Amino acid sequence: MFDWDLWRSWEEWISQPVFLDFVLVVGIAIASYFALRILMSSITARVTSWLSRRKGRLSHYGIEVFKHTSRLLIAAMALQIGLAVVDLGPGWEDQVSHLWFLVLALQFGLWVGAAIALWKEETISDKAGQDNQLTVTMVALTFRIILWAVVLLSVLANLGVDITAFVASLGIGGIAIALAVQALLSDLFASASIGVDKPFTTGNFIVFGDIAGTIEYIGLKTTRIRSLSGEQVICSNTKLLQQTLHNYSRMKERRVVFNLAISFRTPIDKVREVPPLIRQVISSTNQTRFDRAHLSAFADYALKFEIVYFVLSADYNVYMDIQQAINFSLLEELDKRDIKFAMPVRALEFLDEVPLPEGSRAGKDPAISQTGR
């Protein structure tokens with residue numbers, strides 16, 4: 001049996017102004033949402049088409065920013081239109097205004113965040129930006145943190161939260177967190193120092209301690225190095241900067257010092273020919289600059305020459321090829337002049353009738369009349 005009392009109570013509740021206003025607001029908001037979606041899609045397409053015909057980075061950024069327009073913003077605009085048409089009272093309008101500010105703040109963060117991400121990608125993709133990859137990453141991360149911190153504080157301030165006390169509490173909490181992650185922060189600051197000061201970049205060949213290798217990747221905490229023996233060495237940024245680094249990739253030329261030793265039995269006129277000969281050999285070799293060649297010392301078994309020259313290349317293989325060519329040329333030229341290399345020798349001198357202590361057995365024995373020394 002149909003309950004007429006329930007129907008009357010339901011009809012009375014539906015016929016109340018508040019319910020009707022609510023339904024009207026929702027209906028207008030839904031209609032406005034679809035209308036705004038169509039309008040925004042049309043505007044975005046036209047703006048994108050217009051910007052695509054223009055040259056410059058700003059136009060490209062504008063296209064990407066428009067693509068990151070949130071549907072939540074459109075929904076908030078539609079709801080605001082519904083509330084503007086139907087008056088629900090100051091209480092509802094106050095709550096919706098907070099929602100409106102929240103959506104606008106989030107949308108602003110999305111737009112600026114998209115621009116920062118696009119700037120980071122384009123900068124790193126450039127050849128000049130590849131050497132500054134760590135710096136670009138740190139700058140982009142810093143701006144994103146500042147951006148969302150400002151958005152969060154603005155939203156809280158709009159909601160009536162006392163952000164002064166909140167910021168103070170964040171400061172105390174930040175000190176506690178900094179003490180807890182001191183090692184991590186040290187590596188982060190070290191990576192920032194690497195990005196700004198640039199003691200080395202990706203692709204540089206460095207030597208420190210017993211490690212020699214090529215920089216493969218510089219991260220926020222560690223740096224990866226491909227060693228000469230083939231394995232990957234991972235080193236903390238903080239410990240890496242505490243080392244004395246030799247960056248051979250920034251060496252424009254290589255200073256070479258080597259010695260040449262010839263026999264003491266070489267005639268003096270041929271000894272005088274050796275420095276000019278060395279100068280001639282080195283000067284005739286490509287990618288070299290002769291410095292000096294001198295008879296530097298009288299060694300135990302040789303006449304020692306010290307030779308200094310420069311290889312006009314930082315490539316180690318080029319240096320070894322040049323040194324090998326110089327050595328072959330010196331071998332040929334010294335052999336033509338019959339100049340011998342020194343070899344360790346020991347000479348024995350025999351003396352006759354060495355006086356011996358009187359009365360010794362050696363003096364009485366005629367078989368022991370000489371001694372070798």
Side-chain angles (χ1 to χ4, degrees), residues 199-200 204-214 225 227-229 233 240 242-357 362 370-373:
F200 51 82
N204 286 173
F205 183 83
I206 66 170
V207 175
F208 63 96
D210 58 347
I211 297 174
T214 304
I225 304 168
S227 70
L228 289 176
S229 54
V233 179
L240 187 60
Q242 291 174 353
Q243 306 283 337
T244 299
L245 301 175
H246 300 265
N247 193 338
Y248 285 91
S249 296
R250 295 179 180 172
M251 181 173 60
K252 296 181 179 179
E253 58 183 20
R254 185 185 299 269
R255 185 175 185 268
V256 182
V257 181
F258 71 99
N259 295 309
L260 177 67
I262 64 174
S263 173
F264 268 117
R265 298 182 180 181
T266 305
I268 185 61
D269 56 339
K270 292 187 176 181
V271 174
R272 287 195 175 97
E273 294 178 5
V274 174
L277 173 62
I278 296 173
R279 173 192 288 269
Q280 178 184 355
V281 168
I282 295 178
S283 299
S284 61
T285 305
N286 293 330
Q287 291 188 289
T288 61
R289 186 176 75 251
F290 177 79
D291 186 21
R292 60 182 177 85
H294 295 95
L295 177 61
S296 60
F298 298 102
D300 292 340
Y301 57 88
L303 298 171
K304 293 189 66 175
F305 289 86
E306 185 179 75
I307 301 99
V308 180
Y309 72 97
F310 291 89
V311 176
L312 306 180
S313 173
D315 194 323
Y316 187 79
N317 290 333
V318 173
Y319 151 65
M320 289 303 299
D321 291 339
I322 290 175
Q323 184 63 54
Q324 178 179 251
I326 291 173
N327 291 339
F328 281 143
S329 298
L330 288 176
L331 283 173
E332 293 175 358
E333 297 297 330
L334 293 177
D335 184 65
K336 290 178 183 178
R337 292 164 174 77
D338 195 26
I339 299 176
K340 305 297 182 183
F341 287 98
M343 297 179 60
V345 294
R346 185 178 296 276
L348 298 178
E349 184 179 356
F350 295 91
L351 301 177
D352 295 336
E353 299 180 357
V354 179
L356 297 175
Q370 294 180 345
T371 182
R373 182 164 59 93

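Please read all numbers here as calculations on a predicted model, not as lab measurements.
Closest heavy-atom contact between Lys304 and Leu295: O-CD1, 3.4 Å. Pairing each heavy atom of Val233 with each of Ser227, the nearest pair is CG2-CB, 4.1 Å. In this structure, Thr285 and Thr288 approach most closely via the heavy-atom pair O-OG1, 2.6 Å. The nearest pair of heavy atoms linking Phe208 to Thr244 is CB-O, 3.7 Å. Nearest heavy atom pair, residue Gln287 against residue Val318, reads OE1-CG1, 3.6 Å. The minimum heavy-atom distance linking Pro275 with Ala293 is given by the pair CB-O, 3.7 Å.
Side-chain contact between Ile326 and Ile278 is absent, with no heavy-atom pair separated by less than 4.5 Å. Contact annotation: the side chain of Ile307 approaches that of Phe305 to within less than 4.5 Å [non-hydrogen atoms, C-beta and beyond]. Val257 has its side chain out of reach of Tyr309: every pair of non-hydrogen atoms, C-beta onward, lies at least 4.5 Å apart. Lys340 has its side chain out of reach of Ile262: every pair of non-hydrogen atoms, C-beta onward, lies at least 4.5 Å apart.
From Asn204, atom CG reaches atom CG of Asn247 across 4.5 Å, with rounding to the nearest 0.5 Å. Distance check: Arg254 CZ to Tyr316 OH gives 7.0 Å after rounding to the nearest 0.5 Å. Leu303 contributes atom CG, which lies 12.5 Å from atom CZ of Arg265 (distance to the nearest 0.5 angstrom). Annotation: the span from Leu260 atom CG to Ser296 atom OG amounts to 10.0 Å, rounded to 0.5 Å. Here the CD1 atom belonging to Ile282 is positioned 10.5 Å from the CD1 atom belonging to Ile322, to the nearest 0.5 angstrom. For the atom pair Ile206 CD1 and Ile211 CD1, the distance stands at 8.5 Å (nearest 0.5 Å).
Take Phe310 and apply the side chain to side chain contact (heavy atoms under 4.5 Å, CB included) test, not counting sequence neighbours, and it matches Glu253, Arg255, Arg289, Asp291.
In this structure, Arg279 places its CZ atom where only 12 or fewer heavy-atom neighbours from other residues, nucleotides or ligands lie under 6.0 Å away. Within 6.0 Å of atom CG in Asp269, more than 12 heavy atoms from other residues, nucleotides or ligands are found, so the atom counts as buried in its surroundings. Residue-environment remark: CZ (Phe264) exceeds the threshold of 12 foreign heavy atoms within 6.0 Å. More than 12 non-hydrogen atoms from other residues, nucleotides or ligands lie less than 6.0 angstrom from CZ of Phe258. Within 6.0 Å of OH on Tyr301 lie no more than 12 heavy atoms contributed by other residues, nucleotides or ligands.
At distances below 3.5 Å, at least one donor-acceptor pair connects side-chain atoms of Ser284 with backbone N or O atoms of Val281. A donor-acceptor pair is defined here as one N or O able to donate and one able to accept, closer than 3.5 Å; no such pair exists between the side chain of Asp335 and the backbone of Leu331. Of the possible polar contacts, none joining the Lys270 side chain to the Ile339 backbone as a donor-acceptor pair under 3.5 Å is found. Checking side-chain atoms of Arg250 against main-chain N and O of Pro199 turns up a donor-acceptor pair under 3.5 Å. Put simply, the side chain of Ser263 never gets that close to the backbone of Phe341: no donor and acceptor are under 3.5 Å apart.
Taking 4.0 Å as the cut-off between side-chain N and carboxylate O, Lys336 and Glu333 count as a salt-bridged pair.
For Tyr319 and Gln324, the side-chain atoms include no donor-acceptor pair closer than 3.5 Å.
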Applying side-chain contact (heavy atoms from CB on, under 4.5 Å), run through Lys252 and Leu312 and close with a yes or a no. CA-CA 7 Å; Lys252 296 181 179 179; Leu312 306 180; over 6 Å; no
